[in-house]
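Accompanying notes for the structure given below.
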2 protein chains.
Amino acid sequence: MEATKTTKKRQIELREARLLEKAGEILLNEGLAELTMERLAEELETAKGTIYNHFPNREEVLLTLAVKAINKRLALFDTASMSQGNPKERMLAVNVACEIYVVHYPQYFMVENIVRHSAIWDRGSEDRRNLLKSEEGRCMTLVSGIVRAAIASGDLKLPAGISPEEMALSMWSLTYGSYLINITSPSLKDIGIHDVYRAVRVGCCKTVDGYGWKPLWTEEEHAQKFTKIRETVFPDEKGLSHE
Amino acid sequence: MEATKTTKKRQIELREARLLEKAGEILLNEGLAELTMERLAEELETAKGTIYNHFPNREEVLLTLAVKAINKRLALFDTASMSQGNPKERMLAVNVACEIYVVHYPQYFMVENIVRHSAIWDRGSEDRRNLLKSEEGRCMTLVSGIVRAAIASGDLKLPAGISPEEMALSMWSLTYGSYLINITSPSLKDIGIHDVYRAVRVGCCKTVDGYGWKPLWTEEEHAQKFTKIRETVFPDEKGLSHE
DNA sequence: GATAGAAATTGACGAATTGTCATTTTTTTG
DNA sequence: CAAAAAAATGACAATTCGTCAATTTCTATC
């Protein structure tokens with residue numbers, strides 16, 4: 001009885017996991033338009049009503065996937081921000097985390113962008129929305145925490161009236177903006193952008209340099225730091241197959 | 001006859017303009033979900049079939065609006081890149097152009113982001129898509145042209161292997177990313193970002209500083225440049241009512 | 001293991017929206 | 001003014017969402 005109950009519950013949980021995984025796949029490979037409730041039902045070999053037993057509407061499927069996505073991102077950011085090294089090295093580690101996130105979990109990056117659209121955002125449940133907002137806040141807190149640490153240690157001095165969060169926004173938006181342009185602009189190569197990942201790395205280093213964030217390193221040293229971070233902080237996420 | 005013909009043609013053109021304007025309004029004030037073909041028909045006091053006489057589908061309405069949007073952006077960028085001053089000043093002018101674009105034409109900024117989604121992008125006509133891509137390319141060319149000018153004049157030296165376009169991407173994505181986060185993240189104030197426009201201006205200056213783009217200016221001087229550019233290059237776009 | 005009640009599943013259905021097209025109305029042309 | 005061309009109309013088919021009453025499966029108790 002106890003065992004059977006657990007079995008059924010587990011079955012349902014398992015189905016929900018399969019559902020979310022399948023949703024991510026469809027999203028990535030076939031686009032949002034193909035992600036219909038009936039399609040999900042077919043894929044899971046069940047009836048549409050059952051899908052609605054899991055989620056009250058389509059948007060909630062996407063929001064739930066987005067929660068999974070941001071949790072993954074948070075985990076990567078966390079690893080980065082807890083890594084060995086001075087604040088600047090940890091900031092670069094966040095950069096590597098972003099790169100890993102975008103390259104290894106493209107469906108997550110995609111869904112995070114999709115749910116930002118009001119058409120979807122507004123229809124999700126309050127709870128799920130708040131969860132997403134709070135997780136996003138935690139990501140920002142992690143990064144701005146590194147900025148604060150740099151200020152505390154004297155490595156960085158911000159311009160008057162600029163908060164650590166506003167400095168962190170520079171880093172985050174440069175990275176986020178570039179990767180977003182990368183996945184939505186069909187042919188960056190044609191307009192002279194050959195390696196968007198390297199461009200982002202260099203851009204972030206230059207921005208950090210512009211703020212006068214110490215220790216100051218040469219381009220060569222920066223590049224070595226990135227290589228080292230990837231090996232030591234994220235040894236498990238191998239094979240960053242750029243394009 | 002000739003006169004009547006012109007009258008009718010003009011009527012139709014006028015309606016198309018009204019349609020696009022109305023679509024922009026609905027998009028901005030009520031969101032994408034409210035922008036239905038029937039709603040547009042009602043607003044224009046005509047039948048649904050007539051709307052389909054103008055556009056083959058809903059996505060094409062959005063793509064057409066996006067073309068208007070990017071043309072406006074291109075015009076602003078053009079004004080900026082043709083302005084008086086050294087390359088660095090012109091780059092800052094592009095920054096001001098972005099700010100004006102986002103603040104004064106929010107529906108345009110919105111629609112540019114909406115059409116990037118594959119669900120919409122893929123359903124538009126090839127022609128309209130190519131038009132958008134080419135206009136976007138021209139925007140990028142304008143900005144990277146300023147970077148090239150700076151290199152030519154010796155004001156800027158890029159790291160080995162970084163193209164002018166890749167440097168321009170840093171600027172563009174920092175700006176674009178920040179403004180996108182600004183309109184899609186409900187409450188930036190709550191997480192410590194009080195003036196996103198100023199944060200972007202400072203962030204861009206720091207990035208430019210990081211690349212060592214001469215002439216080097218103090219924070220004070222940078223701020224003065226922005227004020228001056230707004231007054232001299234864009235005298236008509238007054239009242240940048242930030243929030 | 002029989003059975004009553006709870007939980008989960010099902011698919012037909014109503015509602016909303018898209019896009020079509022035969023018919024009607026308006027405009028242009030000869 | 002009449003015929004031809006162009007434009008407008010709204011009923012209709014198709015798609016998808018989300019609901020719900022009926023049915024099946026599972027759980028708990030004796």
Side-chain angles (χ1 to χ4, degrees), chain A residues 1-19 22-23 26-27 30-65 114-115 117-125 128, chain B residues 1-19 22-23 26-27 30-64 114-115 117 119-125 128:
Chain A
M1 331 262 133
E2 186 55 25
T4 335
K5 177 183 176 182
T6 308
T7 301
K8 183 62 187 173
K9 283 270 163 65
R10 228 186 256 157
Q11 222 180 75
I12 292 175
E13 271 172 38
L14 201 73
R15 187 172 51 207
E16 187 154 319
R18 278 203 302 143
L19 191 160
K22 203 74 204 174
I26 294 173
L27 213 52
E30 304 173 51
L32 183 58
E34 294 300 313
L35 184 62
T36 69
M37 297 305 253
E38 209 145 294
R39 171 74 186 279
L40 281 175
E42 280 170 31
E43 294 284 350
L44 298 184
E45 290 171 323
T46 182
K48 192 161 57 157
T50 302
I51 306 294
Y52 280 93
N53 217 324
H54 287 273
F55 300 98
N57 53 47
R58 194 171 89 111
E59 286 72 22
E60 199 69 7
V61 175
L62 292 166
L63 243 64
T64 306
L65 200 53
I114 287 173
V115 297
H117 272 259
S118 65
I120 287 158
W121 183 258
D122 296 341
R123 302 207 39 186
S125 70
R128 204 87 65 169
Chain B
M1 331 259 134
E2 185 56 25
T4 334
K5 176 182 176 181
T6 308
T7 301
K8 183 62 187 173
K9 284 270 163 67
R10 228 185 257 157
Q11 223 181 73
I12 292 175
E13 272 172 36
L14 200 73
R15 186 173 51 208
E16 187 153 319
R18 279 202 302 141
L19 190 160
K22 202 74 203 174
I26 294 174
L27 211 53
E30 305 173 51
L32 183 58
E34 294 301 312
L35 184 63
T36 68
M37 297 306 252
E38 209 146 292
R39 172 75 186 278
L40 281 175
E42 278 169 34
E43 293 284 350
L44 298 185
E45 289 171 323
T46 183
K48 193 162 55 158
T50 304
I51 306 293
Y52 279 93
N53 216 323
H54 286 274
F55 300 98
N57 54 46
R58 193 170 91 109
E59 286 72 21
E60 197 70 6
V61 175
L62 291 166
L63 244 65
T64 306
I114 288 173
V115 297
H117 271 259
I120 287 158
W121 182 257
D122 295 341
R123 302 208 36 185
S125 70
R128 205 86 65 168

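The chains referred to below are lettered A, B, ... by the order of the sequence lines, with proteins before strands, and numbering in each begins at 1.
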Original post:
Rounded to the Å, how far apart are A/Gln11 CD and D/dT27 C1'?
Top reply: 14 Å
**OP:** Indicate whether OP1 or OP2 belonging to C/dT10 is found under 4.0 Å from a side-chain N or O atom of A/Thr46.
**Re:** yes
Original post:
Any side-chain heavy atom of B/Ile12 sitting closer than 4.5 Å to one from B/Asn53?
Top reply: no
**OP:** Send over the distance from A/Ile51 CD1 to D/dC20 C1', rounded to a whole Å.
**Re:** 17 Å
Subject >> Nearest-angstrom distance from the residue atom CZ of A/Arg39 to P of D/dT15 >> reply: 16 Å
Original post:
What's the CD-P distance between A/Glu34 and D/dT15, to the nearest Å?
Top reply: 13 Å
Original post:
Rounded to whole angstrom units, what separation is found between the NE2 atom of A/His54 and the C1' atom of C/dT9?
Top reply: 10 Å
**OP:** Rounded to the nearest angstrom, tell me the gap between atom NZ in A/Lys9 and atom P in C/dA8.
**Re:** 6 Å
Original post:
Is the shortest heavy-atom distance from the side chain of A/Arg15 to the side chain of A/Thr50 under 4.5 Å?
Top reply: yes
**OP:** Could you tell me whether B/Arg15 contacts a base, only the sugar-phosphate backbone, or nothing, with contacts defined as non-hydrogen atoms closer than 4.0 Å?
**Re:** sugar-phosphate
Subject >> Separation of B/Leu19 CG from B/Leu44 CG (nearest 0.5 Å) >> reply: 5.0 Å
Subject >> A/Arg18: salt bridge (Lys or Arg N to Asp or Glu O under 4.0 Å) partners, not counting sequence neighbours >> reply: none
Return the polar atom pairs (N/O with N/O) between nucleotides 19-21 of chain C and the protein under 3.5 Å, or none.
from: C/dG19; atom 1: OP1; to: B/Arg123; atom 2: NH2; distance (Å): 2.9
from: C/dG19; atom 1: OP2; to: B/Tyr52; atom 2: OH; distance (Å): 3.1
from: C/dG19; atom 1: OP2; to: B/Arg58; atom 2: N; distance (Å): 3.2
from: C/dG19; atom 1: N7; to: B/Lys48; atom 2: NZ; distance (Å): 3.4
from: C/dG19; atom 1: O6; to: B/Lys48; atom 2: NZ; distance (Å): 2.7

Original post:
Got a sec: does the CD of B/Glu30 have more than 12 other heavy atoms crowding it under 6.0 Å?
Top reply: yes
**OP:** Please examine the side chains of A/Arg58 and A/Leu40, heavy atoms only from C-beta on, and report whether any two atoms are closer than 4.5 Å.
**Re:** no
**OP:** Examine distances only and state if a side-chain atom of B/Glu60 and a backbone atom of B/Ser125 form a donor-acceptor pair shorter than 3.5 Å.
**Re:** yes
Original post:
Could you give the CG-to-P distance, from A/Asn53 to D/dC17, as a whole number of Å?
Top reply: 17 Å
**OP:** Answer yes or no: does a side-chain N or O of B/Lys8 lie under 4.0 Å from OP1 or OP2 of C/dT29?
**Re:** no
Original post:
Given axes from five pairs at either end, by how many degrees does the helix from C/dG1-D/dC30 to C/dG30-D/dC1 bend, rounded to 10°?
Top reply: 10°
Subject >> Touch class at under 4.0 angstrom, heavy-atom based, for B/Thr36 against every strand present >> reply: sugar-phosphate
Original post:
Under 4.0 Å between a side-chain N/O of B/Thr50 and OP1 or OP2 of D/dT9, yes or no?
Top reply: yes
Original post:
Distance from A/Leu62 atom CG to A/Arg128 atom CZ, nearest 0.5 Å?
Top reply: 11.0 Å
Subject >> For atom CD of B/Glu45 and atom P of D/dG10, their distance in whole Å >> reply: 13 Å
**OP:** Output the distance between atom CG (A/Asp122) and atom CD (A/Glu59), rounded to the nearest 0.5 Å.
**Re:** 10.0 Å
